[in-house]
Amino acid sequence: MAVTLPDGAVRRYRAGVTAADIASDISKSLGKAALACTIDDRLSDLSTPIGGDARLAIVTAKDPAALELIRHDCAHIMARAVQELWPDTKVTIGPVIENGWYYDFDRSEPFTPDDLGLIEARMREIIAVRDPVRTEVWDRDRAIRHYEATGENYKVELVEAIPEADPVRMYWHGPWQDLCRGPHLAHTGQVPPDAFKLTSIAGAYWRGDSRRPMLQRIYGVAFRTRADLDAYLHQLEEAAKRDHRKLGREMDLYHFQAEAVGSVFWHPNGYVIWRALEAYIRRQLDADGYVEVKTPQLLDSQLWRLSGHWGKFRENMFVVPDEIPSVEDEDADPILSGEADLMALKPMNCPAHVQIFRQGTKSYRDLPIRMAEFGCCHRNEAHGSLHGLLRVRQMTQDDAHIFCREDQIAAETKRFLDLFGRVYGHMGLTKISYKLATRPDVRAGDDATWDRAEEALADALGAAGIEFDYALGEGAFYGPKLEFHLTDAIGRTWQAGTFQLDYVLPERLDAAYVGEDGAKHRPVMLHRAVFGTFERFIGLLVEHYAGKLPLWLAPRQVVVAPIVSDANAYAAEVVAALKAAGIRAEADLRNEKITYKVREHSLAKVPLILAVGAREVEGRSVSVRRLGETASTSLPLAEAVAAFAAEATPPDLHPPS
RNA sequence: GCCGCUGUAGCUCAGCUGGUAGAGCAACGCAUUCGUAAUGCGUGGGUCGGGGGUUCGAGUCCCUUCAGCGGCACCA
């Protein structure tokens, strides 16, 4: 049979030869360097027999595919190490993930951080003995009997879940056996012993199902070389410095406290950012044909029952009885009858917006109506899900609902994508991932409607030239949605903007317009948000810029710092001039050295520090030091004020250049 | 909500096997007027997350509860 190599060379072997044989045949060094192979572009074990004509490439450490193999073998070696150290541990699954792998174990005793060191040491021993990796395809019943005999009930479940048509493949790393699809390295010694690290222990539900047992997950990272690992660990340290929770404290933006878990206390600095964003997005909405409304915070539970949210999200709503509680004395708890009507803090604005739409009679000529609200919503999120500004219980969305006819969906989608792109461009956010979330299993509406809706969104994205991934089955129960995700400092992605098609709510809440034909029709509702919520968006902006916000968003834009107290009066004059030009400026008149002031305001991420000493007083100038730069430049005062005023102008208000 | 870890001054942290709280920075006071990332000296500040227990004695041990952190689950 003929084996074609990547360089086009054809070699002849008898059938049944393995890639390992061929690698050694090509050269002794290649035989040693070989980690795995691709047979007709499919990544395979070196030990795989080649049955007929094939294209073959040998995978070595230099190959991108090598990294995944290393990580996958790390998972197996770690599981072996754990079972050798604690034989009563049951194994489950251990996939490769970004930068590394994890493996889920069932063990009565919790793993401790110290255990990670023990496991790593044992892993290095396993690597050092260079145990061969081999594989066999087993009969399904044999595999089940084997795992029943060894008490590995999770593996039994996994074998049973393998489709009948697929092989049940077993791997051995030395004496240790695991069910696995493969492929793997040729022996354990091919894992670089100094380029991996176990990073954390966490809980995880078996099969991702919160009704099933909680397992212990150990995470690890692995690279080709020690240098790569070190670089990764360094990057993690750097990322921790831009965490919005740390920067929020350092920049004095906001705080949380136990009396209002998950709700933000915005400090003056943080609220400056909020107000700048709100003013900005309001200008965008005004220019884009939206109307703005304000709706009640508390609404009767009847409305939430009608909308369907009561049934699906009741446990995540803050519900309050509509009654005046009586109180025996000052210290006694209020007495509630338990019979009052229930109200709920709104978890979303849509039903309220439908109520406004329903006032009066709407004509097809009125559509589309784009109804915006900076709506403050409350959701009683599980405590474990809260995360700084990125996941809160009280949030303000830059929400809007577009009521339109079905034939207007395409144009409205395009219009929104334009708005979205413009805003994120202004914000300097370029790393956006787009997802099209499609029909979930449990859903309202017929398939033909879903087909049309999903297609409309995909077409709009295509027309806008936007690349996107499908998130299959992740749409809302009432319609498909586009999700716009941003990445935080350490690579976690968070949904910011959203755009959703909804055919259901107008029906449930009886929204209607009179069509050209004089009959009543249901409008389509488009739910959309650009920022998502102010809370999350500000958190992501802070992380994106590592606190060094563009001037127009910086809470404290300029600090004027006199070098000698003789310059105090001039500093006050400079501040007054800056303020008159609309710049957020303050003087730092404290009796401290200029180096001290520079350090302190730099740490607080103030973009511009203006030092003024005798020379500046004399020349009516300022010495400008920009955050992140060490050099300073001298500018005449009037020139500096004009330049900063221009730079601090929000991006949408810049005169066209 | 689930698993694990953590909770000591405004911040960052120390406090060994239980003997009755400590540092640096910050704050305040005084001195210093010093040209681009920490001037010196001095002073004040803590119910050791809350509650309960064991003990002659608890920041240290146990129980419980709350919050934060890392995951998982959830996310209209």
Side-chain angles (χ1 to χ4, degrees), chain A residues 102 104 109-113 115 199-219 243 245-246 249-250 252 255-262 304 307-317 346-351 377 379-388 390-393 395 397 399 474-479 481 483 490 492 494-495 498 500 502 504-505 527 536 561-568 591-604 609-616 623-634:
Chain A
Y102 68 76
D104 287 347
E109 287 288 296
F111 292 113
T112 69
D115 291 341
T199 50
S200 65
I201 307 159
Y205 295 109
W206 168 235
R207 307 223 108 180
D209 185 339
S210 59
R211 291 162 304 189
R212 309 207 61 184
M214 171 70 57
L215 306 171
Q216 295 189 68
R217 174 172 298 179
I218 301 180
Y219 284 92
D243 189 311
R245 293 165 297 185
K246 179 178 156 70
R249 196 167 47 238
E250 289 169 1
D252 194 17
H255 83 272
F256 287 98
Q257 64 185 52
E259 286 76 9
V261 173
W304 302 112
S307 70
H309 295 100
W310 190 259
K312 201 158 162 31
F313 295 109
R314 186 173 59 241
E315 71 266 26
N316 292 317
M317 291 167 68
K346 65 176 172 184
M348 54 182 355
N349 308 299
C350 358
C377 298
R379 296 179 184 179
N380 197 347
E381 306 284 9
H383 282 57
S385 67
L386 301 175
H387 184 96
L390 303 187
R391 189 82 183 267
V392 291
R393 301 211 296 182
M395 70 215 79
Q397 304 169 323
D399 200 10
E474 306 222 337
F477 71 91
Y478 49 71
K481 53 183 182 177
E483 297 179 350
I490 63 167
R492 291 178 289 216
W494 299 83
Q495 182 182 319
T498 187
Q500 309 172 7
D502 181 1
V504 175
L505 210 54
H527 306 241
R536 178 177 288 182
I563 295 163
V564 292
S565 53
D566 283 349
N568 283 2
N591 179 8
E592 297 289 353
K593 290 169 69 166
I594 188 66
T595 52
Y596 179 89
K597 294 180 185 179
V598 165
R599 175 181 154 81
E600 190 175 277
H601 299 306
S602 296
L603 288 173
I609 300 170
L610 306 190
V612 293
R615 287 205 297 270
E616 284 74 19
S623 170
V624 182
R625 185 191 163 109
R626 281 182 179 271
L627 182 60
E629 295 176 11
T630 49
S632 54
T633 51
S634 186

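Letters go in sequence order (proteins before strands), and every chain restarts at 1.
Spacing between A26(B) and U12(B) at atom P, rounded to whole Å, works out to 15 Å. Comparing G1(B) with A9(B), their C1' atoms sit 34 Å apart, to the nearest whole Å. Spacing of P atoms, C48(B) relative to G7(B), comes out at 14 Å, to the nearest Å. Comparing U8(B) with A21(B), their C1' atoms are spaced 8 Å from each other, to the whole Å. Across G42(B) and A23(B), the matching P atoms stand 12 Å from one another, rounded to whole Å. Only the P atoms considered, C28(B) is 34 Å distant from A67(B), to the nearest whole Å.
Put simply, Tyr596(A) does not rest on the base of A38(B): the two rings are not both less than 5.5 Å apart at their centres and under 30° in tilt.
Where Arg217(A) and Glu616(A) each meet RNA chain B at their nearest nucleotide, the meeting point lying more 5' is that of Glu616(A).
Heavy atoms of other residues, nucleotides or ligands lying less than 6.0 angstrom from CZ of Arg212(A) number more than 12.
Rounded to whole angstrom, the span from the CD atom of Glu474(A) across to the P atom of C75(B) amounts to 9 Å. Rounding to whole angstrom units, CD of residue Glu259(A) and C1' of U65(B) are separated by 15 Å.
A donor N or O paired with an acceptor N or O is not found under 3.5 Å between the base of G71(B) and the side-chain atoms of Tyr205(A). Between the side chain of Ser565(A) and the base of U33(B), a donor-acceptor pair under 3.5 Å is found. Put simply, the side chain of Gln216(A) and the base of G71(B) share no donor and acceptor less than 3.5 Å apart. Side chain Arg211(A) to base A73(B): no donor-acceptor pair is found below 3.5 Å. Below the 3.5 angstrom threshold, one finds a donor paired with an acceptor across the side chain of Arg391(A) and the base of C75(B).
With a 3.5 Å ceiling on both atom-pair distances, the Watson-Crick or G-U wobble partner of A23(B) is U12(B). In a base pair of the Watson-Crick type (N1 to N3 plus N6-O4 or O6-N4) or a G-U wobble (N1-O2 and O6-N3), with each distance short of 3.5 Å, C61(B) is matched with G53(B). Partner assigned to G1(B) is C72(B), using Watson-Crick or G-U wobble distances below 3.5 angstrom.
Within the 4.0 angstrom heavy-atom criterion, no nucleotide atom of any strand lies near Ser307(A).
Residues Asp243(A) and Arg245(A) are paired through a salt bridge, judged by an N-O separation under 4.0 Å between the basic side chain and the carboxylate.
The aromatic rings of Phe477(A) and His309(A) lie perpendicular to each other, with more than 60° between the two planes, well past the 30° mark.
In terms of phosphate contacts, Arg245(A) brings a side-chain nitrogen or oxygen within less than 4.0 Å of OP1 or OP2 of G70(B). For the pair Arg249(A) and U12(B), the criterion of a side-chain N or O lying under 4.0 Å from OP1 or OP2 is met.
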